[in-house]
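All remarks here apply to the structure that follows.
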2 protein chains.
Amino acid sequence: MPKETFFNLPPEKRAKIEEAAIREFVEYSFDNASVNRIVKGSGIPKGSFYQYFEDKKDLYKHIMSLIIAKKMEYLTPVMKNPFDHDFFVIVREMYETGLNFARDNPDFVVIGNRLRSDPSHALFKEIIEDNIDKSNQVFEQLLILGIERGEIRPDIDLGLTAHLISALNVEISEYYQKHIAKKDDYFYDDGVLVTIGKFLDLLRFGIGKA
Amino acid sequence: MPKETFFNLPPEKRAKIEEAAIREFVEYSFDNASVNRIVKGSGIPKGSFYQYFEDKKDLYKHIMSLIIAKKMEYLTPVMKNPFDHDFFVIVREMYETGLNFARDNPDFVVIGNRLRSDPSHALFKEIIEDNIDKSNQVFEQLLILGIERGEIRPDIDLGLTAHLISALNVEISEYYQKHIAKKDDYFYDDGVLVTIGKFLDLLRFGIGKA
DNA sequence: AAGTCATGTGACTTCTTGGTCATATTATAC
DNA sequence: GTATAATATGACCAAGAAGTCACATGACTT
């Protein structure tokens with residue numbers, strides 16, 4: 001947690017520091033990010049930085065909390081009560097939410113993905129690991145319900161399938177950014193929905209000929 | 001490429017340097033790996049290091065080439081002529097190969113995955129990108145053949161599906177390392193085959209109730 | 001006006017980094 | 001034995017890092 005002095009700052013100054021930090025963390029990993037560059041980029045003296053934050057990690061965690069808060073804004077009513085709806089409706093909405101968030105906050109995605117993809121980093125355990133586990137558990141519960149309702153094949157491996165659906169959530173963003181997002185803005189939203197539909201079809205029916 | 005002097009070294013000395021480098025790159029990313037620690041770890045003077053390698057990157061690429069060479073050893077006859085076989089046979093063998101490699105060379109997997117998962121790193125483009133693209137292209141060709149043979153649904157999105165199958169190749173290793181590899185060695189090989197079977201079922205049939 | 005306390009400030013310290021280079025050692029050629 | 005070329009060596013360098021600290025400034029109390 002940043003120190004009290006940071007939160008006492010005028011909002012514009014606080015924003016300037018956060019923006020400089022985000023720029024830095026987009027460009028560099030936590031280890032390679034430089035406090036010197038961040039203070040230069042935000043126009044504050046080095047000493048002030050350490051009046052606001054315990055250390056570099058303190059700032060990093062603060063930025064991560066901003067990212068998480070922003071992601072929360074995208075949660076739809078359906079996702080807040082996932083157990084009340086059809087399995088594929090939930091998954092569709094989760095994927096859609098993820099893509100919308102990625103479209104609106106590409107910088108945040110870069111920062112988040114960099115950490116999420118290095119499980120050997122000390123900060124991974126500290127910040128990400130629990131969230132991934134919880135996400136998998138939610139999917140497992142959803143799968144169980146889906147099986148009870150007859151939406152899902154009952155002979156699947158729950159843990160493995162939950163893992164896979166989580167992984168696809170990430171994969172779909174990457175595929176989208178790499179192959180589709182560059183095209184004409186006019187078709188953007190269509191593109192999102194079509195891509196998600198294709199992903200869901202694969203998930204539901206597989207690729208084997210019936 | 002390392003310099004000639006490196007290849008003139010007695011093999012044990014060369015091996016010692018390579019082992020120290022692998023240890024370092026397992027623990028640290030390229031940027032955070034320290035030449036100082038590597039020379040200390042391999043018992044050679046700093047100056048000698050720069051007699052053997054242009055710079056840190058030169059060493060890193062050399063280690064990557066060792067990893068790639070090791071992976072090549074696992075290629076089966078089927079994989080060398082993939083277009084002669086049933087689609088799911090190929091994919092099964094690719095997944096199996098990947099898991100066997102991961103089981104025997106966990107250090108290499110750590111090093112490889114760290115680079116593979118950071119597309120924003122300059123070395124990613126230099127070392128990994130082409131391989132990923134080629135792998136996707138092979139899968140696309142395989143899918144086309146599979147459709148012609150009637151093994152695969154003809155209405156899938158080729159690019160997206162190829163991307164997904166590649167991604168699963170990585171995902172299966174991670175799932176395996178995280179959930180299964182720790183169990184009793186006696187069941188290990190069984191575990192590999194069972195896990196792959198489940199993955200393939202999901203790929204083939206999806207999770208939706210028919 | 002004087003005193004107190006939170007905040008602002010940047011020079012400074014200590015540490016580590018990747019890479020160099022003058023010199024020492026060894027092997028090879030004649 | 002002597003000359004030449006290849007290799008070995010570690011002190012050294014400049015750059016940059018994170019974090020500290022003595023002091024300056026300004027706002028608020030009394």
Side-chain angles (χ1 to χ4, degrees), chain A residues 1-18 20-64 114-115 121-123 126, chain B residues 1-18 20-64 111 114-115 121-123 126-127:
Chain A
M1 277 272 284
K3 300 181 186 172
E4 212 186 311
T5 50
F6 178 67
F7 293 110
N8 292 340
L9 250 32
E12 322 88 65
K13 191 170 181 181
R14 233 168 43 210
K16 225 176 160 189
I17 295 170
E18 288 166 349
I22 290 167
R23 278 200 304 276
E24 182 74 9
F25 290 129
V26 165
E27 182 120 20
Y28 302 95
S29 69
F30 173 78
D31 290 311
N32 290 100
S34 156
V35 173
N36 288 332
R37 277 192 300 257
I38 292 172
V39 299
K40 203 164 280 182
S42 46
I44 61 166
K46 186 86 168 278
S48 293
F49 180 90
Y50 286 95
Q51 297 262 350
Y52 306 147
F53 303 98
E54 292 292 339
D55 49 26
K56 187 165 70 158
K57 192 166 99 174
D58 190 24
L59 166 65
Y60 187 74
K61 284 178 155 184
H62 174 63
I63 299 298
M64 287 306 276
R114 185 144 38 214
L115 186 58
H121 198 291
L123 282 173
E126 207 167 329
Chain B
M1 277 272 283
K3 301 179 184 172
E4 211 187 311
T5 51
F6 178 67
F7 294 109
N8 292 340
L9 250 34
E12 322 88 65
K13 191 169 179 180
R14 232 168 44 211
K16 224 177 159 189
I17 295 170
E18 288 167 349
I22 290 167
R23 278 199 305 275
E24 181 74 9
F25 290 129
V26 164
E27 182 119 19
Y28 302 94
S29 69
F30 172 78
D31 289 314
N32 291 101
S34 157
V35 174
N36 289 330
R37 277 192 300 258
I38 292 172
V39 299
K40 203 164 280 181
S42 47
I44 60 167
K46 186 83 166 282
S48 292
F49 180 90
Y50 287 95
Q51 296 262 349
Y52 305 147
F53 303 97
E54 292 292 338
D55 49 25
K56 185 164 73 159
K57 191 166 98 175
D58 190 23
L59 166 64
Y60 187 75
K61 285 178 155 184
H62 174 61
I63 299 298
M64 288 304 280
I111 297 175
R114 183 142 42 211
L115 186 57
H121 198 291
L123 283 172
E126 207 167 331
I127 300 180

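We name chains A, B, ... by the order of the sequence lines, and we start the count at 1 in each one.
- The listed nucleotides are C:dG18, D:dT7, C:dT7; the one nearest the side chain of A:Thr5 is C:dT7.
- The two atoms that bring B:Phe25 and B:Ala33 nearest to each other are CE2-CB, 3.5 Å, heavy atoms only.
- Put simply, NZ on B:Lys40 is 12 Å from P on D:dG10, counting in whole angstrom units.
- Here B:Asn36 reaches the OP1 or OP2 of C:dT17: one of its side-chain N or O atoms lies under 4.0 Å away.
- The interatomic distance linking A:Asp31 (CG) with C:dT16 (P) rounds to 15 Å, in whole Å.
- As a whole-Å value, the separation of B:Glu24 CD from C:dT16 P is 14 Å.
- Shown here is B:Lys40, whose NZ atom has no more than 12 heavy atoms of other residues, nucleotides or ligands within 6.0 Å.
- One atom, CZ of A:Arg14, and another, C1' of C:dG8, lie 18 Å apart when rounded to the nearest Å.
- Nucleic acid contact class of A:Ser48 (heavy atoms, under 4.0 Å, all strands): base.
- The aromatic rings of B:Tyr52 and B:Phe6 are tilted relative to each other, their planes meeting at an angle between 30° and 60°.
- Not one side-chain nitrogen or oxygen of B:Arg37 sits closer than 4.0 Å to the OP1 or OP2 atom of C:dT16.
- Nearer to the 5' terminus of DNA chain D, by closest-nucleotide assignment, is the contact made by B:Lys13 (compared with the other of A:Lys57 and B:Lys13).
- A cation-pi arrangement, defined by a distance under 6.0 Å to the six-membered ring centre and an angle within 45 degrees of its axis, is absent between B:Lys57 and B:Phe30.
- Regarding B:Phe7, its CZ atom lies at a distance of 18 Å from the P atom of D:dA6, rounded to whole Å.
- When rounded to the nearest whole Å, the span between CG of A:Leu59 and P of D:dA17 equals 15 Å.
- Residue-level contact check: A:Lys3 touches neither bases nor backbone, having no heavy atom under 4.0 Å from any strand.
- Which of D:dT9, D:dA8, C:dG18 sits closest to the side chain of B:Leu9 comes down to D:dA8.
- OP1 or OP2 of D:dA17 lies within a sub-4.0 Å distance of a side-chain N or O belonging to A:Ser34.
- The nearest whole Å value for the distance from the CZ atom in A:Phe49 to the P atom in C:dT9 is 15 Å.
- Taking side-chain N and O atoms only, B:Asn8 has no distance below 4.0 Å to OP1 or OP2 of D:dA6.
- In this structure, B:Tyr52 reaches the sugar-phosphate backbone alone: every heavy-atom distance under 4.0 Å involves primed, P, OP1 or OP2 atoms, never a base.
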Report the C-alpha separation of A:Glu27 and A:Arg37 in whole Å, then their side-chain angles, then the decisive distance to 0.1 Å, and conclude whether the salt bridge (charged side-chain N to carboxylate O under 4.0 Å, His left out) test is met. CA-CA 11 Å; A:Glu27 182 120 20; A:Arg37 277 192 300 257; over 6 Å; no
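- Protein atom OH of A:Tyr50 is 16 Å distant from nucleotide atom C1' of C:dG8, rounded to whole Å.
- Look at B:Lys46 and you won't find any side-chain N or O under 4.0 angstrom from OP1 or OP2 of D:dG10.
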